[in-house]
Number of protein chains: 2
Amino acid sequence: MATELHAALRAAFSGRLFTEAEEMAPFLTDWRGKWTGTALAVVQPDGPQDAAHVMRWCHERCIPVVPQGGNTGLSGGATPDASGRSVVLSLSRLQSVRSVDLQNNTITVDAGVTLLALQEAAQAQGRMFPLSLAAEGSCTIGGNLASNAGGVQVLRYGNARELCLGLEVVTAEGELWDGLRGLRKDNTGYDLRDLYIGSEGTLGIITGATLKLFPQPRSQVVACVAVPAPAQAVELLTFAQARLGAMLTAFELMSGTSLQLVEKHVPGSRIPFEERSPWYVLMELSGELDDAQATSSMESLLEAAFDQSLITDAALSSSLSQLQALWALRENISEAQGAEGKTIKHDIALPASRIAEFIESTDAAIRAQSSGVRLVVFGHLGDGNLHYNLSPAEGDSPADFLALESAMNRLVHDAVHARGGSISAEHGLGVLRRDESARYKSPVELDLMRRIKSALDPHGLLNPGKLLP
Amino acid sequence: MATELHAALRAAFSGRLFTEAEEMAPFLTDWRGKWTGTALAVVQPDGPQDAAHVMRWCHERCIPVVPQGGNTGLSGGATPDASGRSVVLSLSRLQSVRSVDLQNNTITVDAGVTLLALQEAAQAQGRMFPLSLAAEGSCTIGGNLASNAGGVQVLRYGNARELCLGLEVVTAEGELWDGLRGLRKDNTGYDLRDLYIGSEGTLGIITGATLKLFPQPRSQVVACVAVPAPAQAVELLTFAQARLGAMLTAFELMSGTSLQLVEKHVPGSRIPFEERSPWYVLMELSGELDDAQATSSMESLLEAAFDQSLITDAALSSSLSQLQALWALRENISEAQGAEGKTIKHDIALPASRIAEFIESTDAAIRAQSSGVRLVVFGHLGDGNLHYNLSPAEGDSPADFLALESAMNRLVHDAVHARGGSISAEHGLGVLRRDESARYKSPVELDLMRRIKSALDPHGLLNPGKLLP
């Protein structure tokens, strides 16, 4: 039976077909090894039309399809279930940079282009594509759009959603929708683009995208500052935005614990202050000013922040290597926390005005339940997005720590929900947060989402079991 | 029969009910007098829950509902049809500014707040709400969002869509969806917000919104420059964006004909150059720089643009009154064109790279059909959005001119479509461009849109006949 199906599928499209367990294995487990599934086959179509042919073939036979980009997701959104009925559709052979329009500041690419390759293609034309995140060497722009990825430049340039002008999508019936428009304005009907963005492959399969490009910044200056507490960090954010506006391109909060783990585990790392602080902020100013103007703007901001007691110490980058060293402190937190043992992670967003009080009261609630747990809190404060992570007490067993996971998730997410926040700011729901998210959504919203799912995928073939319970 | 219905409707909600022809009249014709309909009743509910009660009442009886904000639309999207079966639901009594969150830079308002009142509420708190357009004194934020309004600050701040973080919406069944989130990041399901934005009341009725606020700009400088042709204007745009980035907050193209009509019809208007030019550009620089820095940045940009022969003359504002006088040239074009007689209007968007060639070839095609027709072309070149308007030859009869309308629409829209453009950049489809738009959409896209309409409004009660044929 499977052999006949495989032969029929083989004839249906141009590209690679994997059916042996060994060949399929890399596509059936997520990169962190948290989820594993099975599949009828893994396919790598040669182009968008071939992806559509695969989908049409599956649609005719009611076979579920799991789209997959770079397989770097954190929520299990690209791993098939255990039924063995699905076809995994990997977009990784869709690798073309289709066109660059310099006057329009747009680039049109296949979904399988990696984020790094996309950044480089922009740079080669004297432009910048600002989306930037840890997995950029492996993740694909199709996956970034399907999960509406965030990262470190969202404060100025927005999430993946804000960077996308047009999409090409394979529908559940295997039709190809050409929505590859390079337009800043288009009010001719429903916003299908934004419906597909962030839908995690449950409404359609993104095969191509037209994206915004930006001028390359003339300068980049980074400051690492010590702040007494999150309340001052939030005040500093408001203060810096009022003075720097769109030139403020990153604003990252890092707890003292986070940076101490970086110093401990990442050779060559050093917090740039004699005195330790309970909290730090990394601020980046970049854009149209020249180096001297940018440095002077940052210096005068820091002086004023000192005068207002918002910051207690500051280190300013005066060379590219210093800038990279400061950024490395922020970027190495996840790795350093991993080196410390098991982790319980949360990817939350809150209104900026609620963050200081959220951290204070949630820290206290967690310590009341488990006094030794270490709070490794950091993230994109400028976007209201925190990675509110926990590490075990020193000497605690991994099993004891992980036994706390669902209680801790509940505690943190209840606190987020009570403050009008989101329990998945940039990682998506996948299977990891699917049920947890549904718990907090109103019946009206869940009903609207289910109606849209049924309308665009009436047989439930697209990435079943993801995003919606 | 109507009397019984009216009594039942009266009992269903708190607010105003109008059933007499005279009371209803202002709601049954659009402000330009292009479309007139009839209605069973006009209601003005007191609050969001009352709007939901009206919708639920109508849903139970299969009575269509036409939502209406400030009734300032240009496409007939808020006027009922001639059946007399509809209830017009005016949101104009939903007038509360519900809350302002200064640290989060957000404001939450009722849908019936006028754009001007919203701008003033932001200003009173030391912030800016950047959406700005001609009808701002009368149009409401609910209508702006339902039609995804654009205006003069889109280049930096985006359309209404980009300024909105959360919505409150009455569904076709009369449920109230509370999506009033003040979050910059939230990846927990389908993007209902962006689906409702721009859907022109055909999927739900917006009753409230949470919107982004921005720091007030420290400075504002405007230059009016003469350019030989649109090609140089587009080159100047790329050049200015590379140098000024997000500080370039407006970039408006104006044909010589447009400004000559302003000089002719608007007392006190003067093109600020001795020599007339075939084309002009108005550029605004605003944001974080102080006045002196902003002026010097603009001056050095203009010098460099002269050196590259992109511009032939330039006038820079050195006072608020000069700035207002330069902006008035742009803002008075519509009025001046109206004073010249009948108008055939187009609201199009193109990739910036196609604009110069589009104007050249479309101008030639129009002149080939009707040599005397005057082209009054102007618009938001920074967004690729042109108001490509026509006025009759001097002395031509209005009837002869308007007889050209459908041929001219076809010619212009075909040329736009062939270049990957949009035939409704910021005014929406309503009834005016509904069929014309469907003509250019692929069957796949129309089918996706119809499925969404059926999913969210299965009985077709929400603003029937608008947006989709």
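Below, read A as the first sequence line, B as the second, and so on, with proteins coming before strands; counting in each chain starts at 1.
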Q: Please look at B:Tyr196 and chain A and tell me whether the side chain, the backbone, both or neither of the residue comes under 4.5 angstrom of a heavy atom of that chain.
A: side chain

Q: Under 4.5 Å, counting heavy-atom pairs only, tell me which of B:Ala438, B:Pro351, B:Ala246, B:Pro443 racks up the most with chain A.
A: B:Pro351

**Q.** chain A contact via B:Arg181 - side chain, backbone, both or neither, heavy atoms under 4.5 Å
**A.** side chain

Q) What residue, out of B:Ser424, B:Ala349, B:Pro458, B:Gly182, has the most heavy-atom pairs lying under 4.5 Å from chain A? A) B:Ser424

Q. Is a side-chain donor or acceptor of A:Asp191 paired with a backbone partner of B:Leu195 at a separation under 3.5 angstrom?
A. no

Q | Flag for A:Tyr190-B:Thr202: side-chain donor and acceptor within less than 3.5 Å | A | yes

Q: Answer with side chain, backbone, both or neither: which region of A:Asp447 has an atom nearer than 4.5 Å to a non-hydrogen atom of chain B?
A: neither

Q) Non-hydrogen atoms of chain A under 4.5 Å away: do they reach the side chain of B:Leu456, the backbone, both or neither? A) both

Q: Specify the closest pair of heavy atoms between B:Ser422 and A:Lys185, including all atoms of both residues, with the distance to one decimal.
A: CB-O, 4.0 Å

Q: Using non-hydrogen atoms and a 4.5 Å limit, figure out which bit of A:Arg127 sits close to chain B: side chain, backbone, both or neither.
A: side chain

Q: Would you mind telling me which of B:Ala455, B:Ser454, B:Gly189, B:Ala425 has the largest number of heavy-atom pairs within less than 4.5 Å of chain A?
A: B:Ala425

Q | Largest heavy-atom contact set with chain A, pairs under 4.5 Å, which of B:Pro215, B:Ser442, B:Pro217 | A | B:Pro215

Q) Checking heavy atoms, do the side chain of A:Arg354, its backbone, both or neither come under 4.5 Å from chain B? A) neither

Q) Okay, side chain of B:Asp194, backbone of A:Asp194: is any donor-acceptor separation there less than 3.5 Å? A) no

**Q.** A:Tyr440 portion near chain B, given a 4.5 angstrom heavy-atom threshold
**A.** neither

Q) So, B:Ser353 and A:Asp101: side-chain donor and acceptor under 3.5 Å apart, yes or no? A) yes

Q: Please report the closest heavy-atom contact between B:Gly245 and A:Glu288, naming both atoms and the distance.
A: CA-OE2, 3.1 Å

Q) Quick one: of A:Asp178, A:Leu176, A:Leu429, A:Thr238, who has the most non-hydrogen atom pairs under 4.5 Å with chain B? A) A:Leu429

Q.
Exactly one of B:Asn148, B:Asn159, B:Asp347 should register a side-chain hydrogen bond (donor to acceptor under 3.5 Å, both in side chains) with A:Asn187. Which one does?
A. B:Asn148

(Q) For A:Thr188 and B:Lys441, which I'm curious about, is there any donor-acceptor pair between the side chains at under 3.5 Å? (A) yes

Q | N-O pairing of B:Glu175 and A:Arg451 below 4.0 Å | A | no

(Q) Counting heavy-atom pairs closer than 4.5 Å to chain A, which one of B:Glu162, B:Arg218, B:Arg434, B:Glu173 comes out on top? (A) B:Glu173

**Q.** Residue among A:Gln293, A:Arg161, A:Arg184 with most heavy-atom pairs under 4.5 Å to chain B
**A.** A:Arg161

(Q) What part of A:Arg433 gets within 4.5 angstrom of chain B, counting heavy atoms only: side chain, backbone, both, or neither? (A) neither

(Q) Quick check on B:Ile355 against chain A: is it the side chain, the backbone, both or neither that has a heavy atom closer than 4.5 Å? (A) neither

Q) chain B: which of A:Thr106, A:Val169, A:Leu203, A:Ile348 shares the most heavy-atom pairs with it under 4.5 Å? A) A:Leu203

Q) Quick one: CG on B:Asp186 to CG on A:Leu350, what's the gap to the nearest 0.5 Å? A) 11.0 Å

Q.
Counting heavy-atom pairs under 4.5 Å with chain A, which one of B:Leu155, B:Val444, B:Leu183 comes out on top?
A. B:Leu183

Q. A:Arg450, A:Glu426, A:Gln241: which one forms the most heavy-atom pairs within less than 4.5 Å of chain B?
A. A:Glu426

